[in-house]
Chemist: 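Handing you this structure, nothing more for now.
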Amino acid sequence: MNANDTLIPYIGVVTDIREDTPDVKTFRVNAIAPDGTVGGKVFEHMPGQCAMLSVPGVGEGMFSITSSPTNKEFMEFSIKKCGCLTTWLHAMEVGQQITLRGPYGNHFPVETDLKGKDLLFIAGGIGLAPLRSVINYVRDNRANYGDVQIIYGSRSKDDLVDYQEIINEWCNDDGITVNLTIDREQEGWDGHVGFVPNYVKELNPSLSKTVLICGPPIMIKFTLAGLKELGFTETQVYTTMELRMKCAVGKCGRCNIGDKYVCKDGPVFRFDQLDELPDEY
Amino acid sequence: MQEAIISRAKQLLADGTVNRVIGWKRGEFAYDITPAIFESPEEIDADFVYDDFTSANVSKYLVKESRKEGKILAFLKTCDTYSLNQLTKEHRVDRDNIYVVGIPSDGKLDVEKIKAKGITGITGVERNGDILTVKTIYGDETMSVADAMSNKCLSCKSKKHVTYDELIGEDGEVTDTNRFDMVEKLENMTSQERYDFWRNELSKCIRCNACRNVCPACTCENCVFNNPDSGVENKAAADSFEENMFHIIRAFHVAGRCTDCGECSRVCPQNIPLHLLNRKFIKDINSLYGEYQAGADTTSKAPLNNYTFDDCEASIVHERGVE
Amino acid sequence: MQKIGVFVCHCGTNIAATVDVKAVAEALSHESGVVISQDYQYMCSEAGQNLIKDAIRENGLTGVVVCSCSPRMHENTFRKAAAAAGLNPYLVEIANIREQCSWIHKDIATATEKAIILGRAAIAKVQLNTPLTAGESPVAKRALVIGGGIAGIQTALDIAEAGFEVDIVEKEATIGGKMAQIDKTFPTLDCAACILTPKMVEASQNEKITIHSYSEVSAVKGFIGNFTATIKKKRRFVDETKCTGCGACTEVCPMQKVPNAFNLGLNNRGAVYIPFAQAVPKVATIDPNYCLKLRKGDVNEKVCGKCAEACTAGAINYHQQDEYIEQKYGAIVVATGYNPIKLDKFDEFAYNQCADVVTSLELERLMNAAGPNGGTLLRPSDKTHPHKIVFVQCVGSRCDDSKGKPYCSKICCMYTAKHAMLIREKYPDTEVYVFYIDVRTPGKNFDEFYRRAVEQYNVHYIKGMVGKVTPKSDGKIDVQASDLLSNEQLHIDADMVVLATAIEPDKTARPLATMLTTQMDTNDFFTEAHAKLRPVESATAGIFLSGACQGPKDIPETVAQASAAASKAIGLLVKDSITCNPCVAHSNELMCNGCSACEKVCPYGAITYQDKEFRTPYRTTVMRRVASVNPAVCQGCGACTVACPSGAMDLNGFSNSQIMAEVDAICK
Amino acid sequence: MLKISIEKLNGLFKAVAEKQTLYIPADRADGASEYKKYEDGMTLSKNLNTLRSAKDFFFPQTENLADFKVEGKKIEVIDIREEAEDFVVFGVRACDARSFTILDKVFLSEPVDSYYKNRREHGTIVTMACAKPAETCFCGTFGIDPTEPEGDVSCWSDGDSIFFRPNNEKGQKFVDSVSELLEDGDTAKLDETKAQTKEIMAKLPLANLSTEAFGGDTLMEHFKSEKWAELSESCLGCGTCTFVCPTCQCYDIKDFNTGHGIKRFRCWDSCMYSDFTKMAHGNIRNSQLERFRQRFMHKLVYFPSNNNGEFGCVGCGRCLSKCPISMNIVKVMKALEVK
Amino acid sequence: MQVNDNKEFQPLIVAFCCNWCSYAGADLSGTNRLNYPTNVKIIRVPCSCRVNPIFILRAFQRGADGVILCGCHPGDCHYTSGNYFTRRRMTLLFSMLDFLGIERDRTRVEWVSAAEGAKFAATMNEFTEAVKKLGPNRRLEDLRCRKQ
């Protein structure tokens with residue numbers, strides 16, 4: 001029985017914890033060698049793929065890998081506190097070991113369909129987490145892609161995940177436009193105020209762009225409708241549905257939408273693919 | 001009987017007393033009958049059935065149904081009326097939104113018992129007095145009705161409807177039964193024998209939860225076995241302890257509330273005599289705290305929510321005969 | 001991440017001699033969540049407490065475990081210390097390694113091992129502790145006293161004396177209760193009216209006291225400090241504010257054949273009446289069952305109306321209606337008193353057949369100067385002087401069958417001695433026999449009193465049972481009895497028989513208990529919160545017990561208890577608000593089935609139900625009946641948590657998960 | 001064909017059980033049969049099928065996946081997997097035999113489930129042809145011939161003898177291991193038995209049940225069907241159908257803290273359970289209708305869609321006889337196929 | 001289960017004690033230096049009626065060999081009626097455990113007042129001995145929790 005089984009996890013160690021928003025923390029995870037040295041990644045992945053994190057005795061949970069594959073030093077996970085496991089994760093300290101398995105699922109077609117395209121990222125709240133991996137991948141392979149526009153919105157300024165990176169890095173990159181918005185007026189915010197779907201319509205992005213979208217279901221629904229109004233077709237828009245994943249190996253029987261298993265056939269879907277599936281999402 | 005029930009159902013639908021009917025729907029074979037809700041006389045004519053195999057207790061469905069718009073007509077057998085009463089007592093049903101027609105039952109058959117005789121390929125069943133003729137693709141077989149009678153009916157505790165808005169047929173009386181015989185037999189075994197008996201039975205459990213989900217007393221919004229915070233949540237027994245625990249807690253939670261309708265044992269796919277656990281509690285309650293029949297009324301305090309100053313001590317368990 | 005501090009106390013050598021405290025501190029330092037683990041000579045000392053406080057501040061502790069003496073000893077000390085350092089006091093747990101470890105074990109190795117396990121259990125528990133805040137609830141500065149007998153009067157006077165408003169609700173037309181009917185009191189033989197009526201007057205004149213006579217409590221809602229009672233003032237057809245109590249109406253009333261309830265029906269009164277001369281309030285009342293005008297049904301018909309004509313104050317009002325008063329109270333005192341039992345089941349005593357067989361209370365009236373015979377003891381049947389009187393004790397008391405009461409009515413022995421003595425004093429020619437089972441005289445000067453009856457007044461005390469009382473055609477009464485000492489059968493030709501009738505709580509007590517969610521025993525006496533330590537409180541917070549409603553009592557005991565209940569009520573009323581115990585039950589409404597099991601086992605009536613709207617996953621709503629716990633009333637016993645099948649009920653401070661964590665840690 | 005006379009069958013069992021664990025269907029006191037580890041004196045049940053299917057041997061109801069030791073912030077993963085011991089499951093019916101084709105497609109597809117694979121590799125399935133199908137049988141609907149069961153070794157009984165035919169290497173190994181007990185036999189009577197069985201098959205009440213209306217391309221049509229509401233209305237949401245089903249394989253993974261370590265185990269789960277899809281962010285199938293639909297859509301539509309038209313049901317009929325309220329795949333198929 | 005040097009079986013006893021009577025009684029036996037075995041580990045609960053049958057089963061699952069529940073004497077409950085409910089619940093639970101063939105001497109309810117330190121110690125001594133005689137709990141244990 002030497003064969004590895006994906007159900008047997010690796011061990012990683014949390015080497016940095018960043019408090020992004022009141023309920024989102026970003027955890028940096030490094031591999032740990034048999035001799036105890038900490039460093040490097042537990043495994044490689046592609047943008048949009050997920051990993052199963054677990055604290056034995058607490059539970060397992062699927063999270064998208066927030067860091068870009070181009071980051072060779074560590075992996076990052078931006079995690080919102082919402083259940084038993086995430087509460088536990090939020091309470092942990094640097095040096096805590098966790099178990100990981102993965103990578104799971106498909107990924108955004110960064111090396112195929114997206115290559116050479118102008119890209120429009122639309123994210124809401126914690127929905128930035130999976131897109132951040134793609135954004136940084138694109139930034140690190142800048143030559144392979146056209147214009148990049150990022151529209152990101154959150155409830156408030158404090159709820160913008162990775163605000164420092166957005167302001168200090170993304171905004172300073174050539175060829176990247178960042179449009180931030182928050183739901184309601186707030187002191188100390190002189191940027192745009194309003195919901196993401198409306199902002200997208202206001203900004204009226206060029207129809208040449210390929211769209212990657214992630215956020216709360218209701219945001220996705222209205223943004224998609226808005227994009228269609230603007231003239232975008234469903235074949236231009238990608239999203240990810242990793243929230244539904246459970247076992248990650250296409251066997252436990254939960255995540256399917258119709259005959260498609262989110263954990264194997266997804267989590268990244270193009271909207272025209274979703275259109276062929278029953279309205280179960 | 002079926003004709004009377006069907007015609008009454010259609011009347012009550014027609015005169016607007018109710019807007020739907022809960023009863024039983026015929027299946028593929030003679031015996032595979034499904035509880036169903038009928039909304040029109042056409043549906044009733046097509047599928048409504050009341051025969052030897054309509055043993056399912058439909059009272060539990062009323063938890064959900066009685067909260068819906070409009071009154072529902074429920075045909076309840078005697079044992080089912082006890083369940084409904086208990087649900088009424090615990091405010092789980094809106095009794096005012098249910099029109100209960102009490103219907104008699106002279107005992108339901110259990111196809112499992114027929115099959116246990118080695119009879120297979122069943123295409124039909126005919127009851128002639130005490131003789132049952134089972135038609136099969138391999139030819140007719142006969143057996144006594146008593147041998148095919150469902151266990152719960154063999155020890156029927158009451159032919160009396162304890163709640164109804166009207167009755168079809170005559171009402172009967174509460175009957176003396178032999179229902180505690182098996183409990184007594186087990187009580188008279190040694191502790192080791194009892195342990196072996198139950199280990200053999202409970203190790204069959206596949207934790208399908210059919211016993212819980214069919215039980216008219218188990219109507220919790222969130223069962224402890226589904227609640228990760230309860231400390232007993234589990235989906236399958238990973239150890240014999242968990243088999244024991246599930247059944248102890250299940251029985252304990254319905255102790256004093258279980259009307260002894262026998263559904264748990266009827267539906268158990270592994271034929272575990274689960275009702276014996278419930279009956280053990282009932283027997284204990286009767287002998288220690290005075291005769292009590294859950295569901296007989298809608299006001300009495302359940303024995304576990306009640307006490308007297310001179311109740312026996314728990315040590316009474318230790319003082320009993322054989323160890 | 002939890003940051004737990006563990007503090008192991010040596011307690012001098014009390015712990016350290018048998019438990020290796022250093023080893024305990026070391027072992028516990030490895031437990032998950034523990035960031036600091038120290039030992040110290042005396043944790044409860046100021047220095048020890050400072051150690052804890054400093055650790056809380058410096059390490060930002062989220063929980064504290066003190067391994068020390070019993071929590072019954074110093075839990076509060078350490079909670080206060082934690083609070084002083086800014087940690088919620090309920091995040092402190094105690095591992096009892098003294099009383100339950102070092103003091104009972106001798107072997108250091110095993111005792112240390114056990115101390116570590118107890119420490120682990122406390123750590124496991126504290127990980128799940130949640131900060132608790134004691135809630136506050138305001139106190140209405142007014143008391144309600146239900147019952148206007150001597151108990152109620154005394155309680156009301158004491159509370160009013162302390163400066164609080166008090167309402168007395170009395171169902172009869174006057175306050176005074178049973179004591180007002182009594183002739184003399186034992187063992188001093190002073191006149192009951194002489195000591196009671198001044199108190200009644202005092203009550204009526206006290207500005208803080210409002211007397212609602214001829215009234216009943218019809219509903220009580222709320223909880224300690226915050227009750228709302230509805231008082232039904234029954235219509236008496238007389239305007240209380242106008243009536244002067246002159247009695248003119250009672251004289252003109254043509255309907256004079258109403259059995260006089262105050263005299264227990266031994267004589268008659270008018271349909272409009274003042275119960276007795278010193279009644280408070282001294283206001284007339286019309287009995288509508290007898291009043292010729294009111295009995296007609298239509299008061300506008302020209303019938304009788306003599307009383308209205310006679311009333312110069314214009315107080316008679318045939319149109320009066322019941323009045324309902326709603327009032328807020330901080331405390332409620334129950335003083336509903338007692339009544340002699342009905343003797344319908346005791347045919348052997350011929351009470352219903354023979355007018356000369358009377359109860360002791362009737363005898364009180366017969367002998368009272370204000371009674372039907374003006375104080376001369378005459379047989380009710382023929383108004384002749386009785387020469388031979390037989391007293392029968394324990395009629396209906398100490399009964400082991402369902403006819404009577406299982407308990408001792410307590411006062412009968414003494415009042416019978418009193419009656420016997422009074423009769424022998426006043427009518428030396430009258431022979432008095434007392435049949436008794438035992439004579440019970442525990443009380444100051446009681447036994448002396450009884451002996452005086454036997455020795456000085458030659459009352460014939462016979463230990464024995466009266467088997468049958470038979471009225472004879474010659475007007476005498478044959479009393480057949482057995483003398484248990486001589487083992488002889490006796491027949492006494494008596495002129496009168498007096499039955500020491502058992503007493504029972506007033507019939508209004510049980511519905512009242514339901515309203516108040518207080519507990520009663522099987523005899524309908526109110527149950528005190530603790531038989532020894534809280535004898536005047538009911539288990540329901542804010543409801544106090546005064547007098548015989550709690551159990552048979554004589555007057556001095558009643559008054560003592562009345563004052564005690566008053567002081568308890570005052571203790572509550574002086575507070576502006578009460579701090580609630582935060583370790584109370586709470587219901588998870590999402591899981592609650594509304595089945596009422598918790599309500600049925602709650603001894604405090606702390607659980608109520610309401611229909612609440614819940615959202616379904618389909619954006620629709622459903623109404624569900626759910627339980628909610630009033631934290632001001634809940635005392636935190638946890639009975640509901642086990643009665644609840646779904647586990648919706650849990651208890652702060654002793655939650656299911658906390659107790660299970662302790663179990664796990666101990667069994668690890 | 002190689003055979004053994006029925007009287008000598010117990011000798012064969014004994015010989016097999018000496019070398020490896022042998023499971024055979026045995027009768028229980030209540031008249032039902034279940035797989036039991038063979039011990040001397042046990043006899044083969046005459047029942048058509050066991051209460052629980054043979055899936056249990058390869059995908060047990062609970063199994064330990066891994067252990068963990070947690071100390072402070074450190075975690076140690078303990079791989080508790082061991083090479084399984086060889087075992088034989090005897091008397092598997094044709095329907096159950098087919099279930100392994102289905103389970104293999106789930107567990108042996110990437111990423112391969114090593115726990116299942118391990119047992120699959122070490123388990124020999126000896127099947128037994130049916131002679132007396134029950135009214136609940138409808139394996140024929142799914143193209144299964146009960147007289148030609150699959151498996152590593154196929155067996156037939158003609159009433160006097162049991163015939164053996166190895167179907168693969170593993171089967172051959174099994175037959176070889178008992179070859180001295182077997183003898184060559186004439187199959188004339190057996191052929192007659194098979195023919196009789198086939199006749200009966202044609203007369204079964206469910207013989208005409210067809211899968212024609214189902215399969216991957218019927219997804220939207222059936223998903224949107226209005227009949228689900230009525231079909232699911234009396235479903236109790238118990239797991240009986242899924243747990244007696246030889247092809248149901250949904251599972252859950254949970255951790256159990258023993259007090260001295262964490263055991264991660266896998267257990268069967270049921271898509272019929274209300275909390276099956278309940279996750280931290282909510283439940284994706286909130287109503288029994290959705291859950292009920294999922295189960296049958298999976299068997300009749302989703303599975304064939306992903307597996308070249310192979311259906312996720314083998315027609316063993318267990319759910320027909322075990323559902324507490326007698327709602328089952330046959331009723332669902334009959335309701336849905338009516339346009 | 002603890003293992004002593006002399007290898008004698010040492011049962012693990014979990015004692016649930018109500019805060020008002022029995023826990024105080026246990027304290028009193030400490031104050032009076034009345035010995036009882038270290039096998040007994042006490043869990044404090046506000047009232048015996050707080051003890052859910054689940055807790056008792058859980059103790060057995062996790063390795064307890066005996067579980068004893070102590071509360072105020074009937075009639076003396078701090079909360080007036082708690083122990084009456086306890087009495088019924090535990091009678092039925094223990095009866096059920098007995099019915100399932102679990103040794104009845106592994107469970108016990110004892111009323112111990114705050115003044116009965118001696119009774120507490122005696123009860124614990126007696127109960128520990130009784131459980132010791134039964135040997136390790138095998139019928140209601142969870143094998144996964146057994147210490148290696």
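The structure displayed is predicted, hence computed values, not measured ones. Labels below follow one simple rule: chain letters A, B, ... track the order of the sequence lines, proteins then strands, and each chain is numbered from 1.
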Chemist: Could you walk me through whether E:Ile43 and C:Ile666 satisfy the side-chain contact (heavy atoms from CB on, under 4.5 Å) test, starting with their C-alpha distance in whole Å, then the side-chain angles of each, then the deciding distance to 0.1 Å, before giving a yes or no?
Modeler: CA-CA 9 Å; E:Ile43 293 177; C:Ile666 284 173; 3.4 Å; yes
Chemist: Can you tell which part of E:Tyr84 gets under 4.5 Å to a heavy atom of chain C, answering side chain, backbone, both or neither?
Modeler: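 Nothing of E:Tyr84, per the 4.5 Å heavy-atom cut-off to chain C.
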Chemist: Roughly how far apart are C:Leu651 CG and E:Asn52 CG, rounded to 0.5 Å?
Modeler: 12.0 Å
Chemist: Which pair of non-hydrogen atoms, one from E:Tyr79 and one from C:Gly636, has the smallest distance, and what is that distance?
Modeler: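 Answer, listing the atom of E:Tyr79 first, then C:Gly636: OH-O, 3.8 Å.
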Chemist: Please check: side-chain N/O of E:Arg58 versus main-chain N/O of C:Val663, any donor-acceptor pairing under 3.5 Å?
Modeler: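 No; zero donor-acceptor contacts below 3.5 Å.
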Chemist: Checking heavy atoms, do the side chain of C:Ala121, its backbone, both or neither come under 4.5 Å from chain E?
Modeler: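 Nothing of C:Ala121, per the 4.5 Å heavy-atom cut-off to chain E.
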Chemist: If you count heavy-atom pairs under 4.5 Å with chain E, which of C:Lys532, C:Arg534, C:Gln635, C:Arg98 comes out on top?
Modeler: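 Of the candidates given, the most pairs with chain E belong to C:Gln635.
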Chemist: Contact part of E:Val51 toward chain C, heavy-atom cut-off under 4.5 Å: side chain, backbone, both or neither?
Modeler: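 Backbone only.
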Chemist: So for C:Ala643, is it side chain, backbone, both, or neither that comes closer than 4.5 Å to the heavy atoms of chain E?
Modeler: both
Chemist: Heavy-atom distance under 4.5 Å between the side chains of C:Ile94 and E:Arg44, does that happen here?
Modeler: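 Contact flag for C:Ile94/E:Arg44 side chains = no.
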Chemist: Do E:Tyr36 and C:Gln100 have side chains that approach each other closer than 4.5 Å (heavy atoms only, starting at C-beta)?
Modeler: yes
Chemist: If we only count heavy atoms from C-beta on, is the E:Arg33 to C:Ile104 side-chain gap below 4.5 Å?
Modeler: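 No - every pair of side-chain heavy atoms lies 4.5 Å or more apart.
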Chemist: Please flag which part of E:Arg89 lies under 4.5 Å from any non-hydrogen atom of chain C: side chain, backbone, both or neither.
Modeler: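 The answer is the side chain of E:Arg89.
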Chemist: Closest approach of E:His78 and C:Tyr604, non-hydrogen atoms and distance?
Modeler: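 Scanning both residues, the minimum pair turns out to be O-OH, 4.1 Å.
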Chemist: Can you tell me which of C:Gln658, C:Met660, C:Lys125 forms the most heavy-atom pairs within a distance under 4.5 Å of chain E?
Modeler: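 Winner by heavy-atom pair count: C:Met660.
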Chemist: If I measure from the heavy atoms of chain E, does C:Thr527 come under 4.5 Å with its side chain, its backbone, both, or neither?
Modeler: neither
Chemist: Do the side chain of C:Lys114 and the main chain of E:Val40 share a donor and acceptor less than 3.5 angstrom apart?
Modeler: yes
Chemist: Taking side chain as everything from C-beta outward and backbone as N, CA, C, O, which of these in E:Phe85 sits under 4.5 Å from a heavy atom of chain C? Side chain, backbone, both or neither.
Modeler: side chain
Chemist: Please classify the contact of C:Lys668 with chain E as side chain, backbone, both or neither, using a heavy-atom distance under 4.5 Å.
Modeler: backbone
Chemist: Need one label for C:Glu528: side chain, backbone, both or neither, based on atoms under 4.5 Å from any heavy atom in chain E.
Modeler: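 Only the backbone of C:Glu528 comes within 4.5 Å of chain E.
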Chemist: Donor-acceptor pair, distance only, cut-off 3.5 Å: does the side chain of C:Arg72 make one with the backbone of E:Asn19?
Modeler: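 Present.
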Chemist: Which answer fits C:Ser538, side chain, backbone, both or neither, if we ask what part of it has an atom under 4.5 Å from a heavy atom of chain E?
Modeler: neither
Chemist: Quick check on E:Val14 against chain C: is it the side chain, the backbone, both or neither that has a heavy atom closer than 4.5 Å?
Modeler: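 Contact with chain C is through the side chain of E:Val14 alone.
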Chemist: Rounded at 0.5 Å granularity, tell me how far OG1 in E:Thr38 sits from CD1 in C:Ile117.
Modeler: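 With rounding to 0.5 Å, OG1 (E:Thr38) is 8.5 Å from CD1 (C:Ile117).
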Chemist: Would you mind reporting whether E:Asn32 and C:Trp103 have side-chain heavy atoms less than 4.5 Å apart?
Modeler: no
Chemist: Please flag which part of E:Ala121 lies under 4.5 Å from any non-hydrogen atom of chain C: side chain, backbone, both or neither.
Modeler: neither
Chemist: At what distance, to the nearest 0.5 angstrom, does CZ of E:Arg50 lie from CD1 of C:Ile659?
Modeler: 4.0 Å
Chemist: How about E:Lys119: does its NZ atom have over 12 heavy atoms from other parts shown lying under 6.0 Å from it?
Modeler: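 Atom NZ in E:Lys119 is packed in, count exceeds 12.
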Chemist: Could you look at C:Asn14 and say if it's the side chain, the backbone, both or neither that has a heavy atom under 4.5 Å from chain E?
Modeler: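 The answer is the side chain of C:Asn14.
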Chemist: Please state whether the side chain, the backbone, both or neither of E:Leu28 comes within less than 4.5 Å of a heavy atom of chain C.
Modeler: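 For E:Leu28, there is no contact with chain C at all, as no heavy atom is under 4.5 Å.
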Chemist: Out of C:Pro71, C:Ala111, C:Cys583, which one racks up the most heavy-atom pairs below 4.5 Å with chain E?
Modeler: C:Pro71
Chemist: Where do E:Pro46 and C:Cys637 come nearest, in terms of heavy atoms and distance?
Modeler: CG-O, 3.9 Å
Chemist: Quick check for you: to the nearest 0.5 Å, what is the distance between C:Cys101 atom SG and E:Lys41 atom NZ?
Modeler: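 Between atom SG of C:Cys101 and atom NZ of E:Lys41 there are 8.5 Å.
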Chemist: So E:Pro53 and C:Val642, do their side chains get closer than 4.5 Å, heavy atoms only?
Modeler: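 In short, these two side chains touch, coming nearer than 4.5 Å.
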Chemist: Would you check if C:Asn96 and E:Ile42 make a side-chain contact, meaning some heavy-atom pair closer than 4.5 Å?
Modeler: no
